[in-house]
Engineer: 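The structure is given below, and queries will be raised subsequently.
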Amino acid sequence: MKRINIALDGPAAAGKSTIAKIVAAKLSMIYVDTGAMYRAITYKYLQQNKTEDFETLIAGSELALTYDEVKGQRVILDNQDVTDYLRENDVTNHVSYVASKEPVRTFAVNKQQELAAKKGIVMDGRDIGTVVLPDADLKVYMIASVEERAIRRQKDNEERGIESTVEQLRQEIADRDHYDMNREISPLKKADDAVTLDTTGKDIETVTNEILDMVSSLA
């Protein structure tokens, strides 16, 4: 199969990252977690007491994705592995705001496009098919009900030891959807040539196979 780029977009907790990792592994492609990039910058923003000087914040930032055979993909920010901090509630609750800032988006998008230049990439996010990789060979827009996404996020939080409730997460996800879809810079939306995939009520294997079938149809 020729080298291709795959773009997976959709709202929070739609299953993008989980599916992207599996699809990349099955196709011997490289997975790029764009959400982790924005979370890393958000972590730094919080460490710097919510500075509003995003130009300076970005100018002094070094960000890289590495792969550990045991732990998987790791996010290195300013020579520090920050991966284990990126799913904390405070980061989750601020990442949409930080990611909406022009200096942050420009910084991240440039890095993402560099990574995808040689193709063979599976990338997930909110503006991959519309902004980052508008020429991606396959674009999938993944959705799921707010209720199901809240339950998924609660399960993830429990596994990570993060305190939350489904009710709290349901509201946070709904609020984040509204913010992401209505921000001025790179809002969350489906690319005109993307395939919508509703993951509500579907297990990981089913969704993975549906995307692999889409890839096969490209040949």
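The basis for the numbers below is simple: all heavy atoms, side chains too, and nothing from hydrogens, waters or symmetry mates. Residue indices begin at 1 and follow the sequence shown.
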Engineer: Can you name the closest pair of heavy atoms from Ile4 and Val215 and give their distance?
Structural biologist: CD1-CG1, 4.1 Å

Engineer: What is the distance from atom CG of Leu77 to atom CG of Leu63, rounded to the nearest 0.5 Å?
Structural biologist: 6.0 Å

Engineer: Given side chains that start at C-beta, do those of Thr42 and Met37 come closer than 4.5 Å, heavy atoms only?
Structural biologist: no

Engineer: Looking at Glu159, I want to see if its CD is surrounded by more than 12 non-hydrogen atoms of other residues, nucleotides or ligands under 6.0 Å.
Structural biologist: yes

Engineer: Decide yes or no on side chain to side chain contact (heavy atoms under 4.5 Å, CB included) for Thr66 and Gln73, but give the supporting numbers first.
Structural biologist: CA-CA 6 Å; Thr66 62; Gln73 185 171 272; over 6 Å; no

Engineer: Evaluate whether atom CD1 of Ile185 has more than 12 neighbouring non-hydrogen atoms of other residues, nucleotides or ligands under 6.0 angstrom away.
Structural biologist: yes

Engineer: Using 4.0 Å as the upper bound for N to carboxylate O, is an ion pair formed by Arg87 and Asp156?
Structural biologist: no

Engineer: Other residues, nucleotides and ligands only: do more than 12 of their heavy atoms fall within 6.0 Å of CD on Glu62?
Structural biologist: no

Engineer: Do the side chains of Lys2 and Asp137 get nearer than 4.5 Å, heavy atoms only?
Structural biologist: yes

Engineer: So which heavy atom on Met142 is nearest to which on Leu8, and how close?
Structural biologist: SD-CD1, 4.3 Å

Engineer: Rounded to the nearest 0.5 Å, what separation is found between the CG atom of Asn157 and the CD atom of Gln168?
Structural biologist: 8.0 Å

Engineer: Do side-chain atoms of Ser61 reach the backbone of Leu57 as a donor and acceptor pair under 3.5 angstrom?
Structural biologist: yes

Engineer: Take Ser100 and Glu184, measure what side chain to side chain donor-acceptor pair (under 3.5 Å) needs, and give me the verdict at the end.
Structural biologist: CA-CA 8 Å; Ser100 71; Glu184 292 185 10; over 6 Å; no

Engineer: Considering residues, nucleotides and ligands other than Lys119, do more than 12 of their heavy atoms fall under 6.0 Å from its NZ?
Structural biologist: yes

Engineer: Step by step, work out the salt bridge (Lys or Arg N to Asp or Glu O under 4.0 Å) result for Asp78 and Lys44.
Structural biologist: CA-CA 10 Å; Asp78 300 336; Lys44 183 172 182 177; 2.8 Å; yes

Engineer: May I ask you to decide whether Lys202 forms a salt bridge with Glu210, counting only side-chain N to carboxylate O separations under 4.0 Å?
Structural biologist: yes

Engineer: Side chain to side chain donor-acceptor pair (under 3.5 Å) for Thr106 and Glu102? Distances and angles first, verdict last.
Structural biologist: CA-CA 6 Å; Thr106 298; Glu102 192 279 331; 2.5 Å; yes

Engineer: Give the minimum heavy-atom separation between Asp177 and Val146, together with the two atoms involved.
Structural biologist: OD2-CG2, 4.2 Å

Engineer: What residues, two or more places apart in sequence or in another chain, satisfy ring pair (Phe, Tyr, Trp, His ring centres under 6.0 Å) together with Tyr43?
Structural biologist: Tyr85

Engineer: Side chain to side chain donor-acceptor pair (under 3.5 Å) between Asp203 and Thr206: does it pass, once the steps are laid out?
Structural biologist: CA-CA 5 Å; Asp203 60 24; Thr206 298; 2.6 Å; yes

Engineer: When you measure from the side chain of Lys139 to the backbone of Pro134, do you find a donor-acceptor pair of N or O atoms at a distance under 3.5 Å?
Structural biologist: yes

Engineer: State whether the side chain of Asp81 and the backbone N or O of Ile76 hold a donor-acceptor pair below 3.5 Å, judged by distance alone.
Structural biologist: no

Engineer: How long is the span from the CD1 atom in Ile19 to the OG1 atom in Thr199, to the nearest 0.5 Å?
Structural biologist: 7.5 Å

Engineer: Is there any ring-ring contact (aromatic ring centres under 6.0 Å, His included) pair reaching into residues 135-192, and which pairs are they, with sequence neighbours excluded?
Structural biologist: none

Engineer: Within a strict 4.5 Å, meaning less than it, do heavy atoms of the Thr83 and Lys71 side chains meet?
Structural biologist: no

Engineer: Would you give the length of the straight line joining atom CD1 of Ile22 to atom CD1 of Ile211, rounded to the nearest 0.5 angstrom?
Structural biologist: 9.5 Å

Engineer: Looking at every heavy atom in both Lys118 and Arg3, which two are closest together, and how far apart are they?
Structural biologist: O-NE, 3.1 Å

Engineer: Could you check whether Glu148 pairs with Arg152 (Lys NZ or Arg NE/NH1/NH2 to Asp/Glu carboxylate O, under 4.0 Å)?
Structural biologist: yes

Engineer: Which atoms form the tightest heavy-atom contact between Val82 and Ala40, and what is the distance?
Structural biologist: CG2-CB, 4.2 Å

Engineer: Assess the residue pair Val122 and Asp124 against the criterion (side chain to side chain contact (heavy atoms under 4.5 Å, CB included)); give the C-alpha distance rounded to whole Å, side-chain angles, the decisive distance to 0.1 Å, and a yes or no.
Structural biologist: CA-CA 7 Å; Val122 179; Asp124 73 298; over 6 Å; no

Engineer: Roughly how far apart are Asn5 CG and Gln113 CD, rounded to 0.5 Å?
Structural biologist: 11.0 Å

Engineer: Yes or no on side chain to side chain donor-acceptor pair (under 3.5 Å) for Lys190 and Thr196, after CA distance, side-chain angles and deciding distance?
Structural biologist: CA-CA 8 Å; Lys190 176 187 172 184; Thr196 298; 2.9 Å; yes

Engineer: Flag the pair Lys26 / Leu212 as yes when at least one side-chain heavy-atom distance between them is below 4.5 Å, and no otherwise.
Structural biologist: yes

Engineer: Does the side chain of Thr92 come under 3.5 Å of the side chain of Arg176 through a donor N or O and an acceptor N or O?
Structural biologist: no

Engineer: Applying the salt bridge (Lys or Arg N to Asp or Glu O under 4.0 Å) test to Arg74, which of Asp33, Asp84, Asp68 qualifies?
Structural biologist: Asp84

Engineer: Asp9 side chain to Ile128 main-chain N or O, any donor-acceptor pair under 3.5 Å?
Structural biologist: yes

Engineer: Just wondering, do Val91 and Asn89 contact through their side chains at under 4.5 Å, heavy atoms?
Structural biologist: no

Engineer: With rounding to the nearest 0.5 angstrom, report the CZ to CD distance, Arg149 to Gln154.
Structural biologist: 15.5 Å

Engineer: Stepwise, does the side chain to side chain contact (heavy atoms under 4.5 Å, CB included) test hold for Leu169 with Thr165?
Structural biologist: CA-CA 6 Å; Leu169 293 171; Thr165 65; over 6 Å; no

Engineer: Taking all non-hydrogen atoms of both residues into account, name the closest pair between Thr200 and Ser145 and its distance.
Structural biologist: OG1-N, 2.9 Å

Engineer: Specify whether Phe54 and Tyr97 have parallel, tilted or perpendicular ring planes, treating 30° as the upper limit for parallel and 60° as the lower limit for perpendicular.
Structural biologist: perpendicular

Engineer: Tell me whether Glu52 at atom CD has more than 12 heavy atoms from other residues, nucleotides or ligands lying less than 6.0 Å away.
Structural biologist: yes

Engineer: Is any side-chain heavy atom of Lys101 closer than 4.5 Å to a side-chain heavy atom of Ile58?
Structural biologist: no

Engineer: For the pair Arg105 and Asp127, find out whether any cationic side-chain nitrogen is under 4.0 Å from an anionic carboxylate oxygen.
Structural biologist: yes

Engineer: Are Leu133 and Leu197 linked, directly or through other ILVMFWY residues, by side chains that come within less than 4.5 angstrom of each other?
Structural biologist: no

Engineer: Please say whether more than 12 non-hydrogen atoms of neighbouring residues, nucleotides or ligands are located less than 6.0 Å from CG in Asn182.
Structural biologist: yes

Engineer: Quick one, Asn93 and Glu172 - any side-chain contact, counting heavy atoms below 4.5 Å?
Structural biologist: yes

Engineer: Compute whether any side-chain donor of one residue and acceptor of the other, for Thr51 and Asp53, lie under 3.5 angstrom apart.
Structural biologist: no

Engineer: Between Tyr38 and Val98, is the side chain to side chain contact (heavy atoms under 4.5 Å, CB included) condition met? List the steps.
Structural biologist: CA-CA 8 Å; Tyr38 290 112; Val98 173; over 6 Å; no

Engineer: Check whether the side chains of Glu167 and Gln171 place a donor and an acceptor atom closer than 3.5 Å, and report yes or no.
Structural biologist: no

Engineer: List for me each residue that meets ring pair (Phe, Tyr, Trp, His ring centres under 6.0 Å) alongside Tyr31, sequence neighbours excluded, and say none if there are none.
Structural biologist: none

Engineer: Less than 4.0 angstrom from a charged side-chain N to a carboxylate O is my criterion; do Arg126 and Asp180 meet it?
Structural biologist: yes

Engineer: With side chains defined as the heavy atoms from C-beta onward, is the minimum distance between Pro103 and Glu55 less than 4.5 Å?
Structural biologist: yes

